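Here's a structure for you.
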Amino acid sequence: MANLVNEFNDYRQKMNEKLLADDNKVIKRIFNLDTNAYMEGALDVKTKELLGLVASAVLRCDDCVKYHLETSHKEGLTKAEVMEALSIATLVGGTIVIPHLRRAYEFWEALEENASK
């Protein structure tokens, strides 16, 4: 299952490099805005990651969910904290979010497996 995390990160890095190499000013600014939005501010990084995770789950963006899960894991959030946030996302988004919840749970398990190696 650890391969799940590596595959996601490898693909994301490869495609981000291609997108940014295309030298599109709007895309570069959006990437920069996204990066800066999740930095420490009035809200701490952990809170911002949970907010991003909930929004991504409700919007049903699996890539975004994976990104926020991995960053949440790196920031030291616990499985209980992440699952509570995902439960709120499922409540807000409705049962259509459940398939994304399953994939999020699977990805979190892969993150934990990687961390234990």
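These numbers come from a predicted model, not from an experiment. The basis for the numbers below is simple: all heavy atoms, side chains too, and nothing from hydrogens, waters or symmetry mates.
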Look at the rings of H73 and W108 and say which category their plane angle falls in: under 30° parallel, 30 to 60° tilted, over 60° perpendicular.
perpendicular
With H100, which residues qualify under ring pair (Phe, Tyr, Trp, His ring centres under 6.0 Å), at least two apart?
none
Taking atom CD1 as the centre, does I98 end up with more than 12 heavy-atom neighbours from other residues, nucleotides or ligands that are less than 6.0 angstrom away?
yes
CD1 on I88 to CG on L50, rounded to 0.5 Å:
11.0 Å
Go through it in stages, so that I can follow the logic: the residues are L19 and F31, the test is side-chain contact (heavy atoms from CB on, under 4.5 Å), and I'd like the CA-CA distance, side-chain angles, deciding distance and then a yes or no.
CA-CA 10 Å; L19 285 166; F31 273 57; 4.1 Å; yes
Looking only at heavy atoms, what is the nearest atom pair of L53 and A85, with distance?
CD2-CB, 4.5 Å
Under a 3.5 Å distance rule, please check whether S116 uses its side chain to pair with a backbone N or O of E113 as donor and acceptor.
yes
Please determine whether residues M83 and V65 belong to a single hydrophobic cluster, defined as Ile, Leu, Val, Met, Phe, Trp and Tyr linked transitively by side-chain heavy-atom distances below 4.5 Å.
yes
Sidechain-backbone polar pair: S87 side chain, E84 backbone, donor-acceptor under 3.5 Å
yes
Considering residues at least two apart in sequence or located in another chain, which fulfil the side-chain hydrogen bond (donor to acceptor under 3.5 Å, both in side chains) criterion with K46?
none
CG/N9 to CG/L4 distance, rounded to the nearest 0.5 angstrom?
10.0 Å
Tell me whether Y105 is reachable from L69 by hopping between hydrophobic residues (I, L, V, M, F, W, Y) whose side-chain heavy atoms are closer than 4.5 Å.
yes
same_hphob_cluster(L101, F107) at 4.5 Å side-chain heavy-atom cutoff:
yes
Is R12 close to D63 at the side-chain level, that is, under 4.5 Å between some pair of heavy atoms?
no
Least distance between heavy atoms, A57 atom then L86 atom
CB-CD2, 4.2 Å
When rounded to the nearest 0.5 angstrom, what distance separates SG in C61 from NZ in K66?
10.0 Å
Side chains of N114 and L111, heavy atoms from C-beta outward: is any pair under 4.5 Å?
no
In terms of hydrophobic clustering (I, L, V, M, F, W, Y; side-chain heavy atoms under 4.5 Å; direct or indirect links), are V82 and Y67 co-clustered?
yes
Passes side-chain contact (heavy atoms from CB on, under 4.5 Å), D44 versus E49? Steps please.
CA-CA 9 Å; D44 61 27; E49 285 305 324; over 6 Å; no
Quick one: do V97 and V54 end up in the same hydrophobic cluster if we chain Ile, Leu, Val, Met, Phe, Trp and Tyr together by side-chain heavy atoms under 4.5 Å apart?
no
Taking NZ in K74 as the centre, count heavy atoms belonging to other residues, nucleotides or ligands within less than 6.0 Å. Is the count above 12?
no
What's the spacing between H68 NE2 and E75 CD if we round to 0.5 Å?
12.5 Å
Check V45 against M39 and note the closest heavy-atom contact, atom names and distance.
CG2-C, 4.1 Å
